[in-house]
Protein chains: 2
Amino acid sequence: MIIRSANEADQSQILAIVTPTLAAGETYAIARNLPASDILAYWLSPGHEVFVAEEEGHILGTYYLRANQAGGGAHVANCGYVTASAAQGKGVARAMCEHSLARARERGFRAMQFNHVVSTNQRAVALWQALGFAIVGTLPQAFHHPTHGYVDSYVMFRNL
Amino acid sequence: MIIRSANEADQSQILAIVTPTLAAGETYAIARNLPASDILAYWLSPGHEVFVAEEEGHILGTYYLRANQAGGGAHVANCGYVTASAAQGKGVARAMCEHSLARARERGFRAMQFNHVVSTNQRAVALWQALGFAIVGTLPQAFHHPTHGYVDSYVMFRNL
């Protein structure tokens with residue numbers, strides 16, 4: 001598996017990976033019924049640097065890296081990661097997060113923040129903790145989960 | 001003082017109030033050198049409901065109300081408030097925040113969250129606490145203050 005910058009030829013595979021995650025609505029605080037053009041416009045926003053994890057020509061996951069805020073907050077990075085459902089459990093998310101930490105350091109960011117990690121997404125919470133992120137805030141019932149109802153979200157943060 | 005919806009005729013006064021606050025770069029994690037058109041585009045974003053505090057035809061402050069996130073996070077509101085420098089200390093921010101809490105309730109939001117309250121902005125922190133907000137997270141050195149250097153920011157939250 002290699003992790004490389006996304007290019008235009010990757011768009012259909014990126015869309016195929018991101019769409020079911022957003023539609024499920026369990027992990028991203030983003031509209032669940034976005035049309036394909038809006039999903040691509042969001043994932044490939046001008047301020048997003050986008051990477052893909054690729055194995056033998058197949059894209060297993062994708063992530064974006066951006067500044068979490070502008071002005072006085074521009075030294076803190078933010079990322080979003082999605083792994084293809086067929087590639088779960090193979091360490092794709094871990095590899096992408098490690099890559100993003102290195103890339104963020106390279107770009108001069110001093111820290112990375114996740115704004116809204118849904119507490120029921122236990123696999124992600126544990127992975128980010130294993131990769132050095134701390135829960136620095138709990139947003140009470142800030143996420144409406146399609147099956148669990150109102151659940152807490154975490155703000156997670158680590159220095160670089 | 002009344003608080004009312006902003007209209008097109010208010011734009012130049014809104015710009016005159018917001019511009020020095022963003023240029024000072026002490027409280028908003030937003031670029032400090034935005035041109036006027038970008039400041040207005042930001043403050044009057046399509047997703048923002050904008051209000052002004054007015055006294056005898058003069059606008060003393062302005063705020064926007066929006067959903068902090070989409071999808072599963074759309075039930076949490078977010079606001080930004082700016083008081084004209086000449087009107088500091090007259091309770092304008094308190095009146096705007098109280099108005100925004102009522103308006104957010106009216107629109108069906110269940111909570112309000114401030115994502116990035118700079119810790120050195122002690123007057124704001126104390127006011128939000130007095131109005132029922134709790135510090136639910138501390139973002140270590142997440143804000144680069146023009147005179148104090150890297151300082152913490154708070155995530156503040158209250159139910160409605």
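Below, each value reflects all heavy atoms present in this structure, side chains not excepted, and no hydrogens, waters or symmetry copies. Throughout, protein chains are lettered first and strands after them, A, B, ... in sequence-line order, and every chain is numbered starting at 1.
Hydrophobic clustering (ILVMFWY, side-chain heavy atoms < 4.5 Å, transitive): A:Leu131 and A:Val118 are in distinct clusters. Linking Ile, Leu, Val, Met, Phe, Trp and Tyr whenever their side-chain heavy atoms come within less than 4.5 Å leaves A:Val92 and A:Val52 in two separate clusters. Taken together through direct or relayed side-chain contacts under 4.5 Å among Ile, Leu, Val, Met, Phe, Trp and Tyr, B:Tyr63 and B:Phe114 form part of one hydrophobic cluster. Hydrophobic cluster membership is shared by B:Phe51 and B:Leu101, with clusters built from Ile, Leu, Val, Met, Phe, Trp and Tyr side chains linked at under 4.5 angstrom. With hydrophobic clusters built from ILVMFWY side chains whose heavy atoms lie under 4.5 angstrom apart, B:Val117 does not share a cluster with B:Phe157.
Of the atoms belonging to B:Val155, it is side-chain heavy atoms, and not backbone ones, that fall under 4.5 Å from chain A. With a 4.5 angstrom heavy-atom cutoff, A:Ala111 does not touch chain B via any of its atoms. For chain A, no part of B:Pro146 is nearby; none of its heavy atoms comes within less than 4.5 Å. Contact of B:His75 with chain A is made through the side chain alone, with heavy-atom distances under 4.5 Å. The contact between A:Phe143 and chain B is made by backbone and side chain atoms together, counting heavy-atom distances below 4.5 Å. Contact of B:Gln141 with chain A is made through backbone and side chain together, with heavy-atom distances under 4.5 Å.
When the candidates B:Ala74, B:Gly137, B:Ala70 are compared by the number of heavy-atom contacts under 4.5 Å with chain A, B:Ala70 comes out ahead. Ranked by heavy-atom pairs shorter than 4.5 Å toward chain B, the options A:Ala134, A:Gly71, A:Gly25, A:Ala29 are led by A:Ala29. Most heavy-atom pairs under 4.5 Å with chain B: of the set A:Ser153, A:Gly73, A:Ala142, this distinction falls to A:Ala142. Taking A:Glu26, A:His144, A:His116 one by one and counting their heavy-atom pairs under 4.5 Å with chain B, the maximum is reached by A:His144.
The environment of B:His58 atom NE2 is sparse: at most 12 non-hydrogen atoms of other residues, nucleotides or ligands sit within 6.0 angstrom. No more than 12 heavy atoms of other residues, nucleotides or ligands lie within 6.0 Å of CZ in A:Arg123, so this atom counts as exposed by the packing criterion.
We find the CZ-OH distance between B:Arg110 and A:Tyr150 to be 4.0 Å, quoted to the nearest 0.5 Å.
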